[in-house]
2 protein chains.
Amino acid sequence: MTKKIKRMGKASTPTRTQDPEGTRQDILEVASKEFALNGLSGARIDEIAARTKSSKRMIYYYFGDKEGLYLKALENAYRLVREGEAKLDTEGMEPMEALKRLVEFTFDHHHQHEEFIRMVMIENIHHGQYLERSKAIRDLNVTAIDHIGRIYKRGIASGVFRKGLDPIDLHWQVSALCFFNVSNRATFSRIFGRDIGATEAQTRLRRNTVDMVLRFVAKTSALPRD
Amino acid sequence: MTKKIKRMGKASTPTRTQDPEGTRQDILEVASKEFALNGLSGARIDEIAARTKSSKRMIYYYFGDKEGLYLKALENAYRLVREGEAKLDTEGMEPMEALKRLVEFTFDHHHQHEEFIRMVMIENIHHGQYLERSKAIRDLNVTAIDHIGRIYKRGIASGVFRKGLDPIDLHWQVSALCFFNVSNRATFSRIFGRDIGATEAQTRLRRNTVDMVLRFVAKTSALPRD
DNA sequence: TACAATGTACTAACCGGTTCGTTTACATGA
DNA sequence: TCATGTAAACGAACCGGTTAGTACATTGTA
């Protein structure tokens, strides 16, 4: 039995009931969710197929095998967030403000893309072995360093940032705080009996995260007295 | 065929070839490694059984089912690290030094217990649903808050720490940095082409982590000029 | 003897992957 | 305009290895 209605139309524009790119995309989106939810070994090809507008046959037709599908889902996740990150422009701001915005943006961005965070967690469980195979992903993330690096350089020039820090280290620290906020929310919330994901808690954690980064980078002289 | 040699001995002390507690412990240790390595769905009961001095039959005899075994492995992981953490005593130190030690200790401790970190990652992938079932685990971690809370209070009293911070938030921040250092090492290293796990990198990250926490908590007046 | 601990062999369901056949799109040609 | 060849796109049913879990018999211990 056919379980779904294909897009119809015999109009003049070449509409077609066969839609390779659409099918491919549909599978990829469903698979991304399934892998993010259940992990590589936990995800079920049959389940993915069932949620698809297509079939299991097509998964293997387009993606070869389960690992091939997972890899594409992983690449897709990185590509999506990268596209979002590119939107932030801090070039006009003064360094301290720019860094603040960058941290806030990263914090919010991670918060809004739990699926991506989960894919990265899962990939780390697999020791990054699939990411290793994907040149596409490695290229994407280098620009993040560029961004924070430029802000830092400007802050040094204007005398508000401490010298001797490394942009990658900075990126690491910002990532750590923003990533952990999403990745460990479940266990942290349950252990300490407070819902870390609730808006009030998030507001406070966000402020703390910004504070923490700024206080780390800023010269003592550029800090408020307290 | 019996695949292993049982502890022998017909001595006067009641040695026995049947060793329930030993078998149980053996299974748990093997299972912990397998789950930490492959996740809940990725781990194989047959594989665990094979690595055991015992058999699959015994796994079900003692742990009921796969999830029961996983839960015990999870509890075991938490219990082990908790025991380690209890060893740190900062009561005699002055607050700033005590906090420094606590962060260093946490950083090192997480670094040395990758298996635990992986179990927590895996549990978070499962939305903490197994941890939820375990009262045992929740009880363990509250003492961590106690520790950092006491240090913080002393720091406030002696005037070196800023007021208005929350011990749980502090714990969150320390955890985030120390946890991320282990959990995301694979993807981070691969993306930025530097081995984050190498000793030089770790030394720098450790120092940065300590700095970051101290600068966050300390009053500006208690900070070095720069 | 009674009960806890253990070994062996088995099963039923699951699940990744495939076989085989069908439909659709579209170019070609008359 | 329509018949036709063909390759891509698709569906359904199937397969065989894997895997969690069990039945049953046996041994050790108190």
Side-chain angles (χ1 to χ4, degrees), chain A residues 1-28 30-31 34-35 37-73 130, chain B residues 1-28 30-31 34-35 37-73 130:
Chain A
M1 53 186 160
T2 50
K3 72 182 158 191
K4 64 229 62 163
I5 311 117
K6 302 241 166 179
R7 259 177 280 148
M8 286 274 73
K10 281 255 168 87
S12 53
T13 47
T15 49
R16 48 182 69 176
T17 121
Q18 279 188 196
D19 180 14
E21 203 42 52
T23 301
R24 212 189 134 87
Q25 193 58 33
D26 178 41
I27 291 173
L28 192 55
V30 173
E34 282 292 306
F35 281 127
L37 190 59
N38 302 311
L40 173 51
S41 51
R44 298 285 163 246
I45 294 285
D46 282 311
E47 186 63 25
I48 293 172
R51 294 189 194 283
T52 289
K53 292 208 276 298
S54 180
S55 68
K56 183 155 76 156
R57 176 70 183 76
M58 286 298 98
I59 293 175
Y60 286 93
Y61 185 69
Y62 285 120
F63 299 96
D65 58 9
K66 195 185 189 184
E67 296 196 349
L69 181 58
Y70 169 79
L71 183 56
K72 290 300 175 187
Y130 296 95
Chain B
M1 55 184 159
T2 50
K3 72 183 160 190
K4 64 230 67 168
I5 310 116
K6 303 242 168 182
R7 259 177 281 150
M8 287 273 70
K10 280 256 169 86
S12 52
T13 47
T15 49
R16 50 180 69 174
T17 123
Q18 280 187 197
D19 179 14
E21 204 42 52
T23 302
R24 212 189 134 87
Q25 194 58 31
D26 177 41
I27 291 173
L28 192 55
V30 172
E34 281 292 306
F35 282 126
L37 191 60
N38 303 311
L40 174 51
S41 51
R44 297 285 164 249
I45 295 285
D46 283 312
E47 186 64 27
I48 293 171
R51 295 188 192 282
T52 289
K53 291 206 279 296
S54 179
S55 68
K56 184 156 73 156
R57 175 70 184 79
M58 285 298 98
I59 293 175
Y60 286 94
Y61 184 70
Y62 285 120
F63 299 96
D65 59 10
K66 195 185 188 183
E67 297 196 348
L69 181 57
Y70 169 79
L71 183 57
K72 290 300 177 188
Y130 296 94

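Only heavy atoms go into these numbers, but all of them, side chains included; no hydrogens, no water, no symmetry mates. In what follows, chains carry the letters A, B, and so on, assigned in the order in which the sequence lines appear, proteins first and then strands, with residues in each chain numbered from 1.
Spacing between atom CD1 of B/Ile48 and atom C1' of D/dT19 amounts to 12 Å, rounded to whole angstrom units. Atom CG in A/Asp26 sits about 10 Å away from atom P in D/dC10, given to the nearest Å. One atom, CD of B/Glu34, and another, P of D/dA20, lie 11 Å apart when rounded to the nearest Å. Atom NZ in B/Lys56 sits about 13 Å away from atom P in C/dT8, given to the nearest Å. What separates CD of B/Glu21 from P of C/dA4 is a distance of 15 Å, to the nearest Å. When rounded to the nearest whole Å, the span between CG of A/Asn38 and P of C/dC15 equals 11 Å. Atom P of nucleotide C/dA13 and atom CG of A/Asp46 are separated by 16 Å, given to the nearest angstrom.
Residue A/Ser55 has no polar side-chain atom (N or O) positioned under 4.0 Å from OP1 or OP2 of D/dC10. For C/dC14, neither phosphate oxygen OP1 nor OP2 lies less than 4.0 angstrom from any side-chain nitrogen or oxygen of A/Arg44. Within the 4.0 Å cut-off from OP1 or OP2 of D/dG11, at least one side-chain nitrogen or oxygen of A/Ser54 is found. Regarding contacts with the backbone of D/dC10, a side-chain N or O of A/Thr23 is found under 4.0 angstrom from either OP1 or OP2.
Taking the nucleotide of DNA chain C with the nearest heavy atom to each of A/Ala43 and B/Arg24, the more 5' of the two is matched to B/Arg24.
Proximity of residues 57-67 of chain B to DNA chain D (heavy atom under 4.0 angstrom from any strand atom) is restricted to B/Arg57, B/Tyr60, B/Asp65, B/Lys66.
Of all heavy-atom pairs between A/Lys66 and A/Leu40, the closest is NZ-O, 2.9 Å. Of all the heavy atoms in A/Ser55 and A/Ala49, the pair that sits closest is C-CB, 4.0 Å. The two residues A/Ala43 and A/Asn38 come nearest to each other via the heavy atoms N-CB, 3.6 Å.
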Kindly indicate, with the supporting measurements, whether the criterion side-chain contact (heavy atoms from CB on, under 4.5 Å) is fulfilled by B/Thr52 and B/Met58. CA-CA 10 Å; B/Thr52 289; B/Met58 285 298 98; over 6 Å; no
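Judged as a ring-ring contact (aromatic ring centres under 6.0 Å, His included), and not counting sequence neighbours, the contacts of A/Tyr130 are A/Tyr70, A/His126.
For the atom pair CD of A/Gln25 and NZ of A/Lys53, the computed distance is 10.0 Å after rounding to the nearest 0.5 Å. Here B/Ile48 contributes atom CD1 and B/Leu28 contributes atom CG; the two are 10.0 Å apart, rounded to the nearest 0.5 Å.
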